[in-house]
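Here is the structure we will look at.
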Amino acid sequence: RDAKYALETTPTIASRLNLAQICMARGDYDEVIAVLEPALTGQFSQDPSLLEGLAFAHFYKRDYKSAMGYIQRIYAHEDVKPKDYVRLLRAQVLEETGDLDGALAELTDLVKFFSGEQARIELAALYEKMRNHEKAQEIYVDIVNRAKRAPSYYREREKEWISVAEQRLSGRS
């Protein structure tokens with residue numbers, strides 16, 4: 001309520017993004033779109049934060065064509081390199097739309113420097129989808145072995161993804 005009031009009284013990009021984050025956390029993707037799309041005008045027509053929010057909202061709504069449209073606008077931005085999580089989102093959209101080779105290329109490059117294990121899990125799952133179970137297993141084993149040597153704060157932060165790797169290795173999904 002406070003965020004909605006803030007947007008009504010002070011319709012800034014910051015107040016829109018704040019309300020959009022709240023709506024995103026609630027899973028109200030239509031509201032995220034309604035809040036952010038009107039701001040894509042003038043000097044904010046290519047604002048990466050707005051485009052990212054819209055790309056994620058459309059992705060979660062399973063509107064992959066619209067999500068990719070916003071992602072492409074982020075990639076086309078001259079001054080801003082896409083953030084790793086946007087690259088991960090792009091790979092997910094490519095996979096969902098059937099471009100497995102495109103998703104594979106994006107993820108293969110992304111895992112070289114992605115912070116955390118999610119991109120590796122996504123890559124392994126893609127290999128499974130492409131019926132390359134041996135390569136997927138190699139990645140899961142690598143994740144589990146890396147976790148054993150990692151500091152406790154890393155294991156705690158990445159426990160969701162480490163658990164997925166362990167489950168896949170034990171045959172559970």
Side-chain angles (χ1 to χ4, degrees), residues 1-132 135-136 139 158 160-161 164 173:
R1 216 173 20 202
D2 291 341
K4 221 172 206 175
Y5 178 75
L7 178 59
E8 291 168 2
T9 57
T10 313
T12 63
I13 296 299
S15 60
R16 285 183 184 280
L17 289 170
N18 184 45
L19 179 56
Q21 286 177 331
I22 293 167
C23 293
M24 188 75 77
R26 288 192 330 230
D28 190 351
Y29 309 121
D30 288 324
E31 184 67 14
V32 172
I33 294 164
V35 167
L36 296 182
E37 270 188 344
L40 285 177
T41 61
Q43 71 187 50
F44 297 107
S45 65
Q46 297 301 317
D47 184 278
S49 297
L50 296 172
L51 296 172
E52 287 171 13
L54 287 163
F56 277 99
H58 283 285
F59 175 78
Y60 292 133
K61 283 185 61 170
R62 293 186 166 89
D63 179 359
Y64 303 120
K65 182 178 179 184
S66 294
M68 185 56 82
Y70 289 111
I71 292 167
Q72 288 172 332
R73 287 174 66 179
I74 294 166
Y75 271 67
H77 202 287
E78 295 174 8
D79 302 325
V80 179
K81 182 180 170 197
K83 295 178 178 133
D84 292 349
Y85 59 83
V86 173
R87 294 189 64 198
L88 181 60
L89 178 65
R90 181 176 184 272
Q92 292 169 321
V93 170
L94 289 168
E95 182 179 348
E96 291 293 341
T97 58
D99 185 357
L100 301 185
D101 291 334
L104 181 62
E106 187 76 57
L107 286 170
T108 300
D109 185 52
L110 187 57
V111 297
K112 295 174 187 171
F113 51 85
F114 191 84
S115 175
E117 301 298 341
Q118 184 180 5
R120 285 177 193 65
I121 291 291
E122 296 283 345
L123 179 59
L126 181 58
Y127 275 125
E128 286 180 343
K129 191 175 197 174
M130 297 173 84
R131 301 198 190 314
N132 189 341
K135 190 70 175 161
I139 295 170
E158 298 300 315
E160 174 186 356
W161 307 113
V164 169
S173 294

### Query
When rounded to the nearest 0.5 angstrom, what distance separates CG in Leu54 from CG in Leu36?
4.5 Å

### Query
Can you check side-chain contact (heavy atoms from CB on, under 4.5 Å) on Met68 and Thr97, steps first, answer last?
CA-CA 10 Å; Met68 185 56 82; Thr97 58; 5.6 Å; no

### Query
Any idea which heavy atoms bring Leu50 and Phe44 closest together, and the distance?
CD1-O, 3.7 Å

#### Entry: Separation between CD of Glu95 and OH of Tyr64, rounded to the nearest 0.5 Å
9.5 Å

### Query
With a 4.0 Å cut-off, would you call Arg26 and Asp28 a salt bridge?
yes

### Task
Give a yes or no on this: more than 12 heavy atoms of other residues, nucleotides or ligands lie within 6.0 Å of atom NZ of Lys81.
no

## Note on the structure
For Arg16 and Ala39, the nearest pair of non-hydrogen atoms, with its separation, is CD-CB, 3.4 Å

### Message
Determine whether Asp99 and Asp101 satisfy the following criterion, side-chain contact (heavy atoms from CB on, under 4.5 Å), listing intermediate values before the conclusion.
### Response
CA-CA 6 Å; Asp99 185 357; Asp101 291 334; 4.2 Å; yes

### Query
Can Val35 and Leu17 be said to form a side-chain contact (heavy atoms from CB on, under 4.5 Å), step by step?
CA-CA 8 Å; Val35 167; Leu17 289 170; over 6 Å; no

### Query
Which heavy atom in Ala57 sits nearest to a heavy atom in Ile33, and how many Å separate them?
CB-CG1, 3.8 Å

## Note on the structure
Between the NZ atom in Lys135 and the CE atom in Met130, the distance rounded to the nearest 0.5 Å is 12.5 Å

### Query
Do the ring planes of Tyr70 and His58 sit parallel (below 30°), tilted (30 to 60°) or perpendicular (above 60°)?
parallel

### Task
Take Arg90 and Phe59, measure what side-chain contact (heavy atoms from CB on, under 4.5 Å) needs, and give me the verdict at the end.
CA-CA 10 Å; Arg90 181 176 184 272; Phe59 175 78; over 6 Å; no

For a quick test of your reading: what N or O donor-acceptor pairs under 3.5 Å do the side chains of residues 111-118 make, sequence neighbours left out?
from: Glu117; atom 1: OE2; to: Arg146; atom 2: NE; distance (Å): 3.4
from: Glu117; atom 1: OE2; to: Arg146; atom 2: NH2; distance (Å): 3.2
from: Glu117; atom 1: OE2; to: Tyr154; atom 2: OH; distance (Å): 2.7

